[in-house]
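Since the model is a prediction, treat every value here as computed from it, not as a measurement. By convention in this document, chain letters (A, B, ...) are assigned in the order of the sequence lines, proteins followed by strands, and residues within each chain are numbered from 1. Just the heavy atoms: all of them, side chains too, but no hydrogens, waters or symmetry mates, feed the values below.
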Amino acid sequence: MKRSFWLVLVFIVALALPSVIGEFWVHVAIEILILGLFAVSFNMLFGYMGQLSFGHAAYFGVGAYATGLLLLKTPLPLPVCFFISMAAAGLAALVFGYFCVRLTGIYFAILTMAFGQLIYYIIFQWYAFTGGDNGLQGIVPPGWLLNVRHYYYFTLFIVIGALVVMWLISASPFGHTMRAIRDNAERTRFIGINVRRYMLINFVIAGMFAGLAGGLLGPFNRSIAPDLCNWQQSGIPVFMTVIGGPLAFFGPMVGAVIYTLLFALITGFTEYWPLTIGLVIILVVLYLPGGVLGLVQKKWIPLHSKKLTPGPNGGAGEEI
Amino acid sequence: MKILKVEHLKKSFGGLQATNDVSFEMQPGELAAIIGPNGAGKSTFFNLLTGYYKADSGRIFFKGQEITNWAPHEIVRLGISRAFQVSNIYPAMTTYENIRQAILTKQKRTLNLFSPAAGMAKKETRELLDISGLSSFADTIAGQLSQGDKKRLELAIALGCRPELLFLDEPTAGMSAEETTQTMELVKRLNRELGLTILFTEHDMSVVFGYAQQLTVLHLGAIIAQGDPGEVRQNATVQKVYLGEEA
Ligand SMILES: Nc1ncnc2c1ncn2[C@@H]1O[C@H](COP(=O)(O)OP(=O)(O)OP(=O)(O)O)[C@@H](O)[C@H]1O
Ligand SMILES: [Mg+2]
């Protein structure tokens with residue numbers, strides 16, 4: 001199959017990469033992996049469920065702070081920290097998602113953003129626990145991961161593992177049910193699905209993987225700051241997904257590569273990064289409405305012509 | 001026991017009484033129709049029975065269990081499904097996927113997160129494609145189907161829920177005369193061969209007579225006549241309501 005060929009090729013390149021590029025670019029590659037995982041988790045809501053979350057960074061942030069605090073204050077091994085990051089982000093997603101899935105479209109976007117900002121302010125203000133606007137410093141990974149190339153491989157395998165799980169979910173009956181909800185939520189109710197409950201489950205799963213991505217960030221940067229939960233940070237997976245293509249599983253990953261590389265290249269010689277990314281987004285939206293992968297995946301065209309985002313999904317009379 | 005029992009059901013929209021004190025019953029295995037001119041309240045009645053609208057007052061029972069104002073998905077799970085008047089399908093999914101989604105839901109497999117859906121419910125989906133005459137459109141994106149085929153798909157989705165009681169809201173709306181006959185013959189077969197209890201609406205009286213065993217005539221939200229087709233045809237009020245409007 002063509003797709004598996006590309007996947008194997010990308011995998012081989014990813015394995016070989018650290019031996020052919022310098023340390024700066026290994027850092028960039030790790031960032032691509034982490035933000036790509038974050039963006040793919042975001043797209044479980046946007047591409048598969050049809051709802052735009054503008055507060056997804058909150059769960060990324062909760063995951064980052066969970067692992068960061070655990071590494072600073074406990075002797076727990078890193079993988080355990082990641083599990084706790086996922087659990088903590090999932091729990092936050094459960095609490096806030098409970099309210100968010102009652103809404104759709106722009107109201108869903110606004111409520112996710114409001115809850116995201118709420119988490120941001122809590123982290124920002126809670127000096128005793130989170131270090132407030134100072135963030136957390138000195139988050140050191142275990143010795144065998146101190147070498148950035150080692151951390152790269154570590155991140156690569158975790159991200160691949162997470163992508164495999166999310167890919168399985170997207171191909172499962174649950175994943176197809178999410179597509180059904182995106183396509184016609186009302187019909188989905190009338191075949192016997194509790195739409196809100198399914199949306200909530202998906203919201204929690206997406207939150208958990210965002211939490212895992214966040215967890216990977218602290219030991220990589222050796223520090224974290226509250227900014228990584230705020231709404232600008234929530235915009236990053238949106239941009240990546242729009243660039244790469246929301247209707248392809250790997251779209252957000254491709255978007256993460258383009259976005260992060262551009263960022264690394266552009267900020268080297270100009271401070272006009274927002275302008276640059278703004279222009280890129282405008283070009284993509286106008287000339288590549290299905291994103292980069294949308295170009296490749298012709299079979300999705302019928303989906304492209306359809307308005308992707310928020311439909312009149314609201315309904316009454318169902319409890320979670 | 002009655003499979004469906006409706007007591008004094010009422011629903012108004014603003015000042016408009018769309019369902020006006022309707023009491024209604026169905027026996028298991030029955031094939032019945034509700035007729036009435038445009039705006040008589042047929043769809044509203046279905047919408048109340050399937051949880052689309054909340055009733056202002058009155059009670060609904062399915063096999064003795066009260067289901068008044070239950071959520072749609074709960075009602076479906078009990079064994080009631082419906083086809084909508086304006087086809088309500090998944091326009092971006094293939095015909096095959098449309099039907100499979102209903103079947104997977106009925107089979108309680110939609111919380112399965114890790115096995116591929118691709119191999120699931122193949123036989124059941126093929127079967128329904130075949131029954132509804134959509135086999136050759138299995139891989140067509142449903143939004144690109146013709147109006148008549150969309151209505152067929154609408155029916156197939158409702159059947160995918162494996163209901164005991166099936167509501168069909170103008171199942172032949174927008175169909176040619178030939179498609180209409182085909183669809184009504186299918187409805188009849190579902191009733192005879194599978195023992196499905198079916199209630200359908202129609203505003204064209206002539207379609208109804210060959211098929212329904214029981215007829216209920218709605219007018220301005222209220223029942224004005226009920227009985228077998230022969231009785232209803234003779235009914236003076238019915239003739240007056242339909243005079244100049246239809247047939
Ligand atoms: N959601 C709503 N809000 C306001 N009025 C409504 C609503 N739904 C139905 N109505 C009104 O209730 C009355 C009954 O409508 P309904 O759709 O049940 O009629 P019907 O018998 O199905 O007609 P048709 O043959 O055209 O399908 C109509 O006057 C309609 O305008
Ligand atoms: Mg109607």
Could you go through the side chain to side chain contact (heavy atoms under 4.5 Å, CB included) check for B/Y90 and A/I191 one step at a time? CA-CA 12 Å; B/Y90 296 110; A/I191 59 173; 3.6 Å; yes
Starting from the C-alpha separation in whole Å, work towards a yes-or-no answer on salt bridge (charged side-chain N to carboxylate O under 4.0 Å, His left out) for A/R187 and B/E154. CA-CA 10 Å; A/R187 200 0 140 183; B/E154 177 69 32; 2.5 Å; yes
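By the 30° and 60° cut-offs, the orientation of the rings of A/F190 relative to B/Y52 is tilted.
Without hydrogens or angle criteria, A/S172 side chain to B/N112 main chain gives a donor-acceptor distance under 3.5 Å.
Closest approach of A/E186 to B/N88, counting heavy atoms only: OE2-ND2, 2.6 Å. In plain terms, the two heavy atoms of B/R109 and A/P173 that are nearest each other are O-CB, 3.2 Å. Of all heavy-atom pairs between A/I193 and B/H73, the closest is O-CB, 3.3 Å. Nearest approach of A/I169 to B/F114, heavy atoms of both residues: CG1-CE2, 3.8 Å.
Contacts between B/S115 and chain A at a heavy-atom distance below 4.5 Å involve the backbone alone (N, CA, C, O). Using a 4.5 Å cut-off between heavy atoms, B/I89 contacts chain A through its backbone alone, with no side-chain atom that close. Interface residue A/T188: backbone and side-chain heavy atoms are both found under 4.5 Å from chain B. For B/Y53, no part sits under 4.5 Å from any heavy atom of chain A, backbone or side chain. Using a 4.5 Å cut-off between heavy atoms, B/L111 contacts chain A through both its backbone and its side chain.
Contact count versus chain B (heavy atoms, under 4.5 Å) is highest, among A/G175, A/A180, A/A171, for A/A180. The candidate from A/I201, A/T177, A/I205, A/L168 with the greatest count of non-hydrogen atom pairs under 4.5 Å with chain B is A/T177.
Taking CE of A/M178 as the reference point, atom OG1 of B/T110 lies at 11.0 Å (rounded to 0.5 Å). Considering CD of B/Q101 and NE2 of A/H176, their distance stands at 8.5 Å, rounded to 0.5 Å. Interatomic distance, OH of A/Y198 versus OG1 of B/T105, reported as 7.0 Å (0.5 Å rounding).
Annotation for A/F83: atom CZ does not count as buried by contact number, only 12 or fewer foreign heavy atoms lying within 6.0 Å. In this structure, B/F13 places its CZ atom where more than 12 heavy-atom neighbours from other residues, nucleotides or ligands lie under 6.0 Å away.
The list of side chain to side chain donor-acceptor pair (under 3.5 Å) pairs with a residue in residues 83-96 of chain A, not counting sequence neighbours, reads A/T67-A/S85.
By the 4.5 Å heavy-atom criterion applied to side chains, B/R77 and A/N194 are counted as neighbours.
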